[in-house]
Each structure stands twice: as structure tokens, then as C-alpha cells.
Amino acid sequence: MTQSHVKASLIGWQPYHLDHAAQNLVLDHRDKENVLNESHKMRMAVAYGLERFWGEHLRYERENSNESRNKGSYWKAVWCALADLLKPSGIQLPDPEGRVAFNNTDNIKKIATEIWQMPLDQQRVALAVLSQLCDSLVWWTQRYKKQTSKANE
């Protein structure tokens, strides 16, 4: 294969850098107690679709504890990372910066509607990428999760 053929083939291919993004997300949330366990829940939540995955941060936001807010922040960070990862493909996720808050019903309705109205092929690609991102989150969680003091005794 000539150098020009290699360059031409690389132009059309855009890596998503999923593993690197997942590693950064896990490291960014590693020091928050009980947050990394959410990686496993995220992987299971993919099966329920984009709107439910997006809305999970709202459930944690309504709870009045620091731990819940930290968990919600992790879910929101994963959604924002997914939005960034999908940009090269031309797929634009609603609420890419995670700005919708639990107390804003009109914005929640708007974002949910936008997700449901995404073209089916874009939803499928987004879910496939999210699934792989969550697999990577679980992998990095298993490597970087700090042991609790009880586990060390």
C-alpha cells in the first residue's frame, strides 16, 4: 500500500478514543466514595436507551446527599463525554454539556423529545458507542477502584 493510499484511508476513519475517555472519566471520579460502582449500572442502563441513560443523573440530583450528587455528576460526565466522542461522526446529542437541571421540567421534556426524535440510525450508533464506552468504564473501574477500609482489614 502506498503512502498516499494510507493517508486516504485514514481520512475517512475517525477513532473514538473510547478507552482513553473512559480512563479519564474513572480517574476523575475515583476519589469520590462509592461513585465508581455506577460504571456497572451504566453498562446495564444502556439497554434501556439513550433517554433513560441521560435522565439518570436527574434522579441522583433530586436526592439530598453529597454521595448522590457525586454519582449524578459521574453520569452527567459520561453523557458529556459521549457527546464529545460522537462529534466527529456528525451525531449531535441533546444536552451535550449536561446543563439541564432536575427542577426544570420544560427543559427535561425538550431534551427527552429531542432524544426520541433522533434518526434511528443515529440512535443505534450512539447506543453502540455508549455500550463500548461503558464496557471501558467497567474495565478501568476494576483496575483503579480504591479498596474500602473494610476490604483491607
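When a residue number appears, it is its place in the shown sequence, counting from 1.
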Open item on the list: Could you walk me through whether N37 and K71 satisfy the side chain to side chain donor-acceptor pair (under 3.5 Å) test, starting with their C-alpha distance in whole Å, then the side-chain angles of each, then the deciding distance to 0.1 Å, before giving a yes or no?
Closed with: CA-CA 9 Å; N37 291 334; K71 289 177 180 181; over 6 Å; no
TODO: Go through the steps to decide whether R43 and S131 satisfy the test side chain to side chain donor-acceptor pair (under 3.5 Å), and finish with yes or no.
DONE: CA-CA 6 Å; R43 180 59 185 95; S131 176; 3.1 Å; yes
TODO: Decide side chain to side chain donor-acceptor pair (under 3.5 Å) for W116 and E51; before the verdict, give the C-alpha distance in whole Å, the side-chain angles of both, and the deciding distance to 0.1 Å.
DONE: CA-CA 7 Å; W116 288 327; E51 191 278 330; 4.6 Å; no
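Distance check: N70 CG to H29 NE2 gives 8.0 Å after rounding to the nearest 0.5 Å. R62 contributes atom CZ, which lies 13.5 Å from atom CG of N103 (distance to the nearest 0.5 angstrom). With rounding to the nearest 0.5 angstrom, the CG atom of L58 is 7.5 Å from the NZ atom of K76. In this structure, the separation between CG on L25 and SG on C134 is 9.5 Å, given to the nearest 0.5 Å. Taking CG of L82 as the reference point, atom CG of L130 lies at 5.0 Å (rounded to 0.5 Å).
Partner of S68 under the side-chain hydrogen bond (donor to acceptor under 3.5 Å, both in side chains) criterion, out of E61, R59, E63: E63 alone.
Salt bridge D31/K146: present, at least one basic N to carboxylate O contact under 4.0 Å. Salt bridge annotation for K87-D84: present, with a cationic side-chain nitrogen under 4.0 angstrom from a carboxylate oxygen. A salt bridge does not link R52 to E56: none of the charged nitrogens lies less than 4.0 Å from a carboxylate oxygen.
In this structure, W75 contributes its side chain and E38 its backbone to no donor-acceptor pair below 3.5 Å. For Q123 (side chain) and M118 (main-chain N/O), a donor-acceptor pair under 3.5 Å exists by modelled atom type.
Every residue two or more places apart in sequence or in another chain that forms a ring pair (Phe, Tyr, Trp, His ring centres under 6.0 Å) with Y144 is listed here: W140.
Both L127 and L86 sit in one connected hydrophobic cluster of ILVMFWY residues. Membership requires side-chain heavy atoms under 4.5 Å apart, directly or through other members. Connection of W139 to L27 is established within a shared hydrophobic cluster, with ILVMFWY side chains joined at heavy-atom distances below 4.5 Å, either directly or through further cluster members.
Atom CD of E67 has more than 12 neighbouring heavy atoms from other residues, nucleotides or ligands inside a 6.0 Å radius.
Side-chain atoms of S39 and Y74 include a donor-acceptor pair closer than 3.5 Å.
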